Number of protein chains: 2
Amino acid sequence: MKKKKVSIYDIANRLEISSSTVSRALNDHARISEKTKLAVRRVAKELGFEKNHLASGLITNKSFTISIIVPAVNRNFFASAITGIEKVASENGYTVLICQSHDQYEREVKLIDTLIINRVDGIIASLAINTEEFDHFRKAKNAGIPVVFFDRVCHEIEDTFKIVVNDFNGAYLATRHLAEQGFKRIAHIGGYQSQNIFRERLAGYKKGLSEFNLPFDEGLVRYCALNTDDGTKLTEELLQLKPRPDAIFCANNLTAISALAYAMDHNIKVPEALGIVGFSEETVSSLLKPAITSIRQPSEQMGKLAAQKLLEEIDAESSDNMDYTEIELRTELIVRASSKLE
Amino acid sequence: MKKKKVSIYDIANRLEISSSTVSRALNDHARISEKTKLAVRRVAKELGFEKNHLASGLITNKSFTISIIVPAVNRNFFASAITGIEKVASENGYTVLICQSHDQYEREVKLIDTLIINRVDGIIASLAINTEEFDHFRKAKNAGIPVVFFDRVCHEIEDTFKIVVNDFNGAYLATRHLAEQGFKRIAHIGGYQSQNIFRERLAGYKKGLSEFNLPFDEGLVRYCALNTDDGTKLTEELLQLKPRPDAIFCANNLTAISALAYAMDHNIKVPEALGIVGFSEETVSSLLKPAITSIRQPSEQMGKLAAQKLLEEIDAESSDNMDYTEIELRTELIVRASSKLE
DNA sequence: TTGTAGGCGTTATCAG
DNA sequence: CTGATAACGCCTACAA
């Protein structure tokens, strides 16, 4: 079915030189004359030569492929992180393998196995929401595959780069903003506390409350997988409490969108009767009526950084002199109509 | 940096048999005794053997990798098509390489080159919006890599599978629905006519109009890249016409969302003063207020079919007996508040 | 049923 | 600066 490919031998024969010279010329080796390099490149182009990465990978033990594992590609945050990663990777001649865990730990484990078998050169991951064991990542590291975490990171493995935002501060900014607007009973729809970032967001929320002398009430807090179904259900729960919360800080934007939808369905005016703030923008956040106030994350930048750190680690001779300090980026509060009282 | 891997030789040595026997045992070759197979598998597991796909790919000329090229992964339609493809692929032992063209022809061309070089076994693609030349896909086919198109397909290349929905009928259903609701001046925000599916959607729109004796007015039609910016800008243009259109049929859902946002910003009541129907659902379509009437596509099903057809073609000895009939799936009109007059 | 030997396309090593 | 030769890890005639 597949066609025969031209190999370096074909080039060598044509020029009556050895295949090693061709190989070296193609790889821009230092001690090959410019003349032969030029000749080799010309003939390579003429013949339509394309290097067989399988063969070179076999001997160099490199695949020039890195992989990304994210919960789902159709969330704005992950999609733009991927875009950032792709940019850095392709600039450096790497191909990117995108995988979705669909927020399932089991699937994440399987994916890692596949990646190890496929000899990827490195892995960039944001954890599934129910991942609490990390042996699969340790296995990858033991197989010599560097791992970089971003967003939902794993602190249990020390010798990896981690790219995060200041989740604590973001949540604090969001809550403080609601308090400043005069909201008094601010509820929180958070992510499962297994993930560190959602613990941080909860902590930031608490700090925001306490700064305005608002009591922290565990009854006003819910934890979930942060999808739209959860968002709708938990908003309903919260809004049936008596007295009713007058604002909700959501740990992501899908739940914020669901909360908004629920409120409008039930004639609860946003923001007058219910202030809403989300975390992490979706494409539509600014298009909704009212538009949703959100904490914006530098998602593409995070992706770029993660890729840079990963390539750095791949190129390193040993991991001894790596500085695995966690890298923390800043978030930004984007105030929109869903939280703004006159 | 990377650790040494255990090879079939290690297994062979341990069992004092030859490496070929090990290879055959691992591949479940017919003429190997059950006893040795079991022994080999046991030792393989003990030693933590993982087959090197690079090496076997080098000789079998297969990578067990297929690739998807879509305009963008963060659109619901593409994300769920990808999910469908992933399911079928992983069931059959294939790894999936997801690539984004970002709706740029040039990038699509480069991606194909990368994929050819990386020896993927097959490609599933939905075209970038400005793709009008197809030599890059012919190049892939000439390199022996089967290509399957879905959604935005290429009719210029005959010998490929194509998975589409009945775009004409979907657009017709949408327009008819608006006409039935009593809308008289129905505008259309369409995709660039370079893509066949957008020509079909325009044609379906025309049929819907003519069936209700509504005149087709070129002035009520706009063509664009169907992103949110375009949607906002063109909605503005359309709504400044005198007399104003009283409904818009959008060729995708991002533009429908933008149109809704624009209308609400300008106190134009939806659906009373402006009916809106979109094509292809986004996650939020049903959560918006009013929720957006849409044409639903069987996106995951399309992905599965595309993957099945691709694997079929990969496994085929020759392409002579392939039946490249275009496969057309049905769409469904989901009526919601954005178009429903009492 | 199993072993031997050769080769897939590239790169590394060691000579020259 | 260039060439011969041996790897890389696996698969597959062919032979036994």
Side-chain angles (χ1 to χ4, degrees), chain A residues 1-41 43-44 47-65 93 116-119 121 143-144, chain B residues 1-41 43-44 47-65 93 116-119 121 143-144:
Chain A
M1 188 76 215
K2 293 214 180 173
K3 284 212 178 174
K4 284 170 225 146
K5 300 275 164 53
V6 328
S7 81
I8 53 171
Y9 280 93
D10 301 316
I11 303 176
N13 285 335
R14 186 83 115 67
L15 289 169
E16 299 188 319
I17 56 177
S18 82
S19 67
S20 1
T21 305
V22 174
S23 168
R24 282 190 276 247
L26 256 19
N27 291 320
D28 209 19
H29 196 284
R31 291 191 300 199
I32 293 285
S33 69
E34 274 309 312
K35 206 175 66 182
T36 33
K37 277 187 190 171
L38 283 171
V40 167
R41 284 189 200 130
V43 175
L47 265 44
F49 169 80
E50 275 156 356
K51 184 204 280 204
N52 187 328
H53 279 54
L54 295 180
S56 66
L58 182 56
I59 188 157
T60 58
N61 208 16
K62 280 209 61 174
S63 60
F64 278 97
T65 301
I116 293 176
I117 291 176
N118 279 291
R119 265 60 172 181
D121 293 331
Chain B
M1 184 77 214
K2 293 215 178 171
K3 286 213 179 173
K4 284 169 226 148
K5 300 275 162 53
V6 329
S7 80
I8 53 172
Y9 282 92
D10 301 317
I11 303 175
N13 285 335
R14 185 83 115 68
L15 288 168
E16 297 187 321
I17 56 177
S18 82
S19 65
S20 29
T21 306
V22 175
S23 168
R24 284 190 272 249
L26 256 18
N27 290 324
D28 209 19
H29 198 284
R31 292 192 296 202
I32 293 287
S33 70
E34 273 309 313
K35 205 174 66 182
T36 34
K37 277 186 190 172
L38 283 171
V40 167
R41 285 190 199 128
V43 175
L47 266 42
F49 170 80
E50 275 155 357
K51 185 204 280 204
N52 187 327
H53 280 53
L54 296 179
S56 64
L58 183 56
I59 188 157
T60 57
N61 209 15
K62 280 209 60 173
S63 60
F64 278 96
T65 301
I116 294 176
I117 290 176
N118 279 291
R119 265 59 174 183
D121 293 332

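Note that the structure is predicted; figures quoted are calculated from it, not measured. The analysis underlying the following values was restricted to heavy atoms, covering all of them including side chains, and did not include hydrogens, waters or symmetry mates.
Scanning atom types as modelled, no donor and acceptor separated by under 3.5 angstrom connect the side chain of Arg119(B) and the base of dT10(C).
Of the candidates dT2(D), dT11(C), dT10(C), dT11(C) carries the atom nearest the Asn27(A) side chain, counting heavy atoms from C-beta on. Candidate nucleotides dA5(C), dA4(D), dC14(D) were compared by shortest atom distance to the side chain of Ser20(A), and dA4(D) ranks first.
Residue Thr36(A) places at least one side-chain N or O under 4.0 Å from the OP1 or OP2 atom of dT2(D). For dC1(D), the OP1/OP2 oxygens have no side-chain nitrogen or oxygen of Lys37(A) closer than 4.0 Å. Remark: Ser19(A) is not in phosphate contact with dT10(C), judged by side-chain N or O atoms under 4.0 Å from OP1 or OP2. Residue Asn52(A) places none of its side-chain N or O atoms closer than 4.0 Å to OP1 or OP2 of dC8(C). Note on Lys51(A): a side-chain N or O is less than 4.0 Å away from OP1 or OP2 of dT11(C). At least one side-chain nitrogen or oxygen of Ser23(B) sits closer than 4.0 Å to the OP1 or OP2 atom of dC11(D). Between Ser18(B) and dG3(C) there is a side-chain polar atom (N or O) within less than 4.0 angstrom of OP1 or OP2. Ser33(B) has a side-chain polar atom (N or O) that falls below the 4.0 Å cut-off from OP1 or OP2 of dT2(C).
Residues Ser19(A) and Ile8(A) come closest through the heavy atom pair O-CD1, 3.8 Å. Contact between Arg119(A) and Lys51(B) at its shortest, heavy atoms only, is NH1-O, 3.3 Å.
Evaluated for a side-chain contact (heavy atoms from CB on, under 4.5 Å) with Lys37(B), the options Leu26(B), Ile32(B), Val22(B) yield exactly one hit, Ile32(B).
When rounded to the nearest whole Å, the span between CZ of Phe49(A) and C1' of dT10(C) equals 8 Å. Atom P of nucleotide dG9(C) and atom NE2 of His53(A) are separated by 16 Å, given to the nearest angstrom. In this structure, Ile8(A) places its CD1 atom 5 Å from C1' of dT10(C), rounding to the nearest Å. Counting to the nearest Å, the P atom of dT10(C) and the CG atom of Asn61(B) are 12 Å from each other. When the P atom of dG7(C) is taken as reference, atom OH of Tyr9(A) falls 11 Å away, rounded to whole Å.
When heavy atoms are screened at a 4.0 angstrom cut-off, Ile17(B) is found touching the sugar-phosphate backbone but no base atom.
Between Ile59(B) and Arg31(B), the one whose closest nucleotide on DNA chain C sits nearer the 5' end is Arg31(B).
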